[in-house]
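What follows is a set of notes on a single structure, which appears directly below.
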Amino acid sequence: MINKVVKDADEAVKDIPDNAILMLGGFGLCGIPENCISALLKTGVKGLTCISNNAGVDDFGIGLMLKTRQVKKMISSYVGENAEFERQLLAGELEVDLIPQGTLAERVRAGGAGIPAFFTPAGYGTEVAEGKEVREFDGKKYLMESWLQADFALVKAWKGDSAGNLVFKGTARNFNPMMATAGKITIAEVEELVPLGTLDPNEIHTPGIYVQRIFEGKNYEKRIEQRTVTNR
Amino acid sequence: MLDKIGIAKRIAQEVRGGWYINLGIGIPTLVANYIPDNIDVVLQSENGLLGIGPFPYDEDVDADLINAGKQTVSMMPGSVLFNSAESFAMIRGGHVDLTILGAMEVSENGDIANWKIPGKMVKGMGGAMDLVASAENIIVAMQHCSKSGASKLLKSCSLPITGIKCVKKIVTDMAVLDILPEGGFRLLERAPGVSVEDIKAATEGKLIVEGDIPEMTIN
């Protein structure tokens, strides 16, 4: 098997250049590549385009890279938890492309699957449709949406092996599997790097063919945005 | 007038056994608490979970298990986890039987606005545009009027819309209404203590009142 293990996040992201297009997995703060984000804060790379469902919160996740002004453009579906994001957007300091969540997921999936465009009903008749081709199929109108691809995809998994095979846990899966397929270079950080051959091939979510670099992350904070509990 | 819990309780009465249901953030999430135990449904969360359970006990909280509102949740027996593309395949593919979501405005032809206030609030549409463009059965939970008393049930939406001609039913703090295929809000029920005249005064869009309008029954 091909060994894709790199030492740590610093080594994994060191060649990400200014103005790169990145994909970052996660939904809210769930399943985000925490170690890679920390490493990018250190390299200080600038002018990034970040494709990510959300923009983190003010003091965690992509929010940290917004504060340091490393992000030129965000492509997201929901950014409501980040006041700094909203401020930069309303002040015209940040380019933002807001797209429907299912369209975002499918555009990334299409990018990884070699499908340059597809038709979806989401956004028809709204400002999302501006400038897009509309076609009717069986009496209903659909928008043409194009694929998304990235220079680097940064994904976070629960377990992985040296071949880059990945297993996700809970709802931390979200956008990570599609993004893993749509990066020219996909960097996977995992909570546990397990010996080759110990993952059950029946239960691998992301085949290693999509992953170029993998490392075991450290000090996962896994911050919770809304801690809701049932009292006994 | 109904409070938020009253709206959630009334919407829960619309739920039928065997349905897969997507609940939006806010009042829609509360609906889950009032679905009777003898009605079996499966709740879908667009971040990749079918079979949302109650909020977990404190010691069971798992940062890797949240709903679309980023709240920690548990899973029901038989739950399944999947990625976001698969989740929206379920939604766009028409496999979800009922979508319940909030709105800032609804128009008399069924347009809904709930994602943006130009110049003021830009949160994004999240999954709302996919949901409203695809669902056959959409119930909106909302306040009938703004805090300043302006109607939110309009001839046409003033805010950027989320989807066109998609809302079928609305439950507000004042009334239950459906939207007729040819346009117009048809009044079905009044909230306790609310008169037809009150509802007429609070509805800017075309209101259709046929015969006696019963008061809602809320337990």
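Contact of B:Glu46 with chain A is made through backbone and side chain together, with heavy-atom distances under 4.5 Å. Both the backbone and the side chain of B:Phe55 come within less than 4.5 Å of a heavy atom in chain A. Contact of A:Glu221 with chain B is not made at all, since no heavy-atom distance falls under 4.5 Å. For B:Ala68, the parts lying near chain A are the backbone and the side chain together; criterion is any non-hydrogen pair under 4.5 Å. In this structure, chain A has no heavy atom under 4.5 Å from any part of B:Ser74. Contacts of B:Lys165 with chain A are absent, with no heavy-atom separation under 4.5 Å from either backbone or side chain. At a 4.5 Å heavy-atom cutoff, the contact between A:Glu86 and chain B is made by side-chain atoms alone. In this structure, the portion of A:Asn54 lying under 4.5 Å from any heavy atom of chain B is its side chain and not its backbone. Within the 4.5 angstrom heavy-atom criterion, only side-chain atoms of A:Val128, from C-beta onward, approach chain B. Of the two parts of A:Leu104, neither the backbone nor the side chain holds a non-hydrogen atom closer than 4.5 Å to a non-hydrogen atom of chain B. Interface remark: A:Arg227 contributes backbone and side-chain atoms alike to the contact with chain B (heavy atom separation under 4.5 Å). In this structure, chain A has a heavy atom under 4.5 Å from the backbone of B:Asn67, while its side chain stays farther away. Of the atoms belonging to B:Ile161, heavy atoms from both backbone and side chain fall under 4.5 Å from chain A.
Looking at heavy atoms from C-beta onward, B:Lys152 lies out of side-chain contact with B:Cys145 at the 4.5 angstrom threshold. Residues A:Thr120 and B:Phe88 are not in side-chain contact: their nearest non-hydrogen atoms beyond the backbone lie 4.5 Å or more apart. Counting only heavy atoms from C-beta outward, the side chains of B:His144 and B:Thr203 approach each other to under 4.5 Å.
When the shell of 6.0 Å around NZ of B:Lys4 is examined, it contains 12 or fewer heavy atoms from other residues, nucleotides or ligands. The 12-atom threshold is not exceeded at NZ of A:Lys218, counting heavy atoms of other residues, nucleotides or ligands nearer than 6.0 Å. Annotation: A:Glu127, atom CD; neighbour count of heavy atoms from other residues, nucleotides and ligands within 6.0 Å is above 12. Other residues, nucleotides and ligands place no more than 12 heavy atoms under 6.0 Å from the CG atom of B:Asn219.
Across B:Ala133, B:Ser84, B:Gly124, the residue that shares the most heavy-atom pairs under 4.5 angstrom with chain A is B:Ser84. For chain A, the option among B:Gly48, B:Pro54, B:Ala128, B:Gly127 with the highest count of heavy-atom pairs below 4.5 Å is B:Gly127. With chain B as the partner, the residue from A:Pro177, A:Gly170, A:Gly102, A:Ala122 showing the most heavy-atom pairs under 4.5 Å is A:Gly102. Most heavy-atom pairs under 4.5 Å with chain B, from the set A:Val108, A:Ile99, A:Asn82: that is A:Ile99. Chain B forms more heavy-atom pairs under 4.5 Å with one residue of A:Ala105, A:Ser76, A:Gly31, A:Ala55 than with any other, namely A:Ala105. Considering only heavy-atom pairs separated by less than 4.5 Å from chain A, the leading option among B:Ile164, B:Asp111, B:Asp60 is B:Ile164. When each of A:Gly28, A:Ala172, A:Cys30 is checked for heavy-atom pairs under 4.5 Å with chain B, A:Cys30 comes out on top. Among B:Val73, B:Ile66, B:Leu131, the residue making the largest number of heavy-atom pairs under 4.5 Å with chain A is B:Ile66. When A:Lys169, A:His205, A:Arg109 are compared by the number of non-hydrogen pairs under 4.5 Å with chain B, A:Lys169 comes out ahead.
No side-chain N or O of B:Thr172 forms a donor-acceptor pair with one of B:Gln143 less than 3.5 Å apart. Judged purely by distance below 3.5 Å, without hydrogens or angles, the side chains of A:Asn53 and A:Ser77 pair a donor atom with an acceptor atom.
Between A:Phe27 and A:Phe175, a ring centre-to-centre spacing not shorter than 6.0 Å is recorded.
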Verdict with supporting geometry, A:Arg69 and A:Glu93, salt bridge (charged side-chain N to carboxylate O under 4.0 Å, His left out): CA-CA 9 Å; A:Arg69 303 300 184 95; A:Glu93 298 167 9; 3.1 Å; yes

Evaluation steps, side chain to side chain contact (heavy atoms under 4.5 Å, CB included), between A:Arg232 and B:Tyr57: CA-CA 7 Å; A:Arg232 282 196 192 274; B:Tyr57 293 121; 3.4 Å; yes

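Cation-pi geometry between B:Lys206 and B:Phe185 is not satisfied (NZ or CZ under 6.0 Å from the ring centre, within 45° of the ring normal).
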